[in-house]
Amino acid sequence: MLGSLHDEGAARLSNKTYTISDLAREFGVTTRTIRFYEEKGMISPLREGQKRLFTPSDRVRIKLILRGKRIGLSLKECIEVIDMYDPQHNNTDQLHSLIDTIDSRRQTLQQQQRDIDDMLANLDQIKALCERSLSSYIAPDQGTSNRKKI
DNA sequence: ATTCTCACA
DNA sequence: TGTGAGAA
């Protein structure tokens with residue numbers, strides 16, 4: 001937020017950079033997570049000594065990774081989509097590929113929904129069995145139960 | 001505050 | 001797909 005004048009080397013070429021904690025804060029993830037993505041080859045921040053320097057482009061990549069994650073894409077799927085982006089062209093290939101990935105995701109989700117519906121139905125069925133079983137026990141004799149103690 | 005590595009779910 | 005601990 002604050003234009004920083006206190007960084008000797010960093011800001012002189014109008015090259016904005018971010019520290020790992022800058023981006024972690026901005027995106028609401030831990031620094032650990034960002035390092036993890038780097039380890040997976042999803043981003044390649046510059047180095048200044050040991051410190052990572054993230055460029056605006058790294059920042060966008062992280063934003064896209066997180067966006068993909070939100071719709072349930074695997075990290076691998078996120079990369080596949082992102083790496084297909086080519087600023088020089090139409091990116092119709094990328095878009096078609098993304099649509100395929102989304103369709104695939106929908107299929108998985110719908111199958112899971114069917115599985116859940118199925119389990120829910122089974123649950124209800126077994127519960128009904130239990131309740132029938134219980135009522136067959138207490139039905140014969142309800143009057144003289146044991147609640148007169150105290 | 002950041003980095004790395006190893007372990008762990 | 002990440003998190004936590006310990007050391008530098």
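Here is the naming used below: chain letters follow the sequence lines, and residue numbers restart at 1 for every chain.
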Shortest side-chain distance from K40(A), nucleotide among dT1(C), dG2(C), dT3(B): dT1(C)

Can you confirm whether more than 12 heavy atoms, excluding those of Q107(A), are under 6.0 Å from its CD atom? no

Can a salt bridge be assigned to the pair K63(A) and E26(A) using a cut-off of 4.0 Å between side-chain N and carboxylate O? no

Rounded distance in Å - CD (E77(A)) to C1' (dT1(C)): 14 Å

Is the shortest distance from a Lys or Arg side-chain nitrogen in E38(A) or R47(A) to a carboxylate oxygen in the other one below 4.0 Å? yes

Can you tell me which nucleotide in dC6(B), dG2(C), dC4(B) comes closest to the side chain of R35(A)? dC4(B)

For the pair made of CD in E38(A) and P in dT5(B), what is the distance, rounded to whole Å? 11 Å

What integer distance in Å separates F54(A):CZ from dA1(B):P? 17 Å

Using only side-chain N and O atoms of T33(A), determine if any of them is under 4.0 Å from OP1 or OP2 of dT3(C). yes

Between dC4(B), dA5(C), dG2(C), spot the one nearest the side chain of R32(A), thanks. dA5(C)

Under 4.0 Å: is that the gap between some side-chain N or O of Y37(A) and OP1 or OP2 of dT1(C)? no

Atom-pair distance (CG on L23(A); P on dA1(B)), nearest Å: 17 Å

For the pair made of CD1 in I62(A) and P in dG2(C), what is the distance, rounded to whole Å? 12 Å

How many whole angstroms separate atom CD1 of I79(A) from atom C1' of dT1(C)? 13 Å

Please report, rounded to the nearest Å, how far the P atom of dC4(B) is from the CD1 atom of I34(A). 13 Å

Whole-Å distance between dA8(C) C1' and Q50(A) CD? 9 Å

Quick one: do F27(A) and I65(A) satisfy side chain to side chain contact (heavy atoms under 4.5 Å, CB included)? Show the steps, please. CA-CA 11 Å; F27(A) 293 119; I65(A) 292 166; over 6 Å; no

At under 4.0 Å, does any side-chain N or O of R52(A) touch on OP1 or OP2 of dC4(B)? yes

Ignoring backbone atoms, establish whether K69(A) has a side-chain N or O less than 4.0 Å from OP1 or OP2 of dG2(C). yes

Salt-bridge test for D100(A) and R105(A): reply yes if a basic N is under 4.0 Å from a carboxylate O, no otherwise. no

At 4.0 Å (heavy atoms only), tell me whether T30(A) reaches a base, stays on the sugar-phosphate, or touches nothing. sugar-phosphate

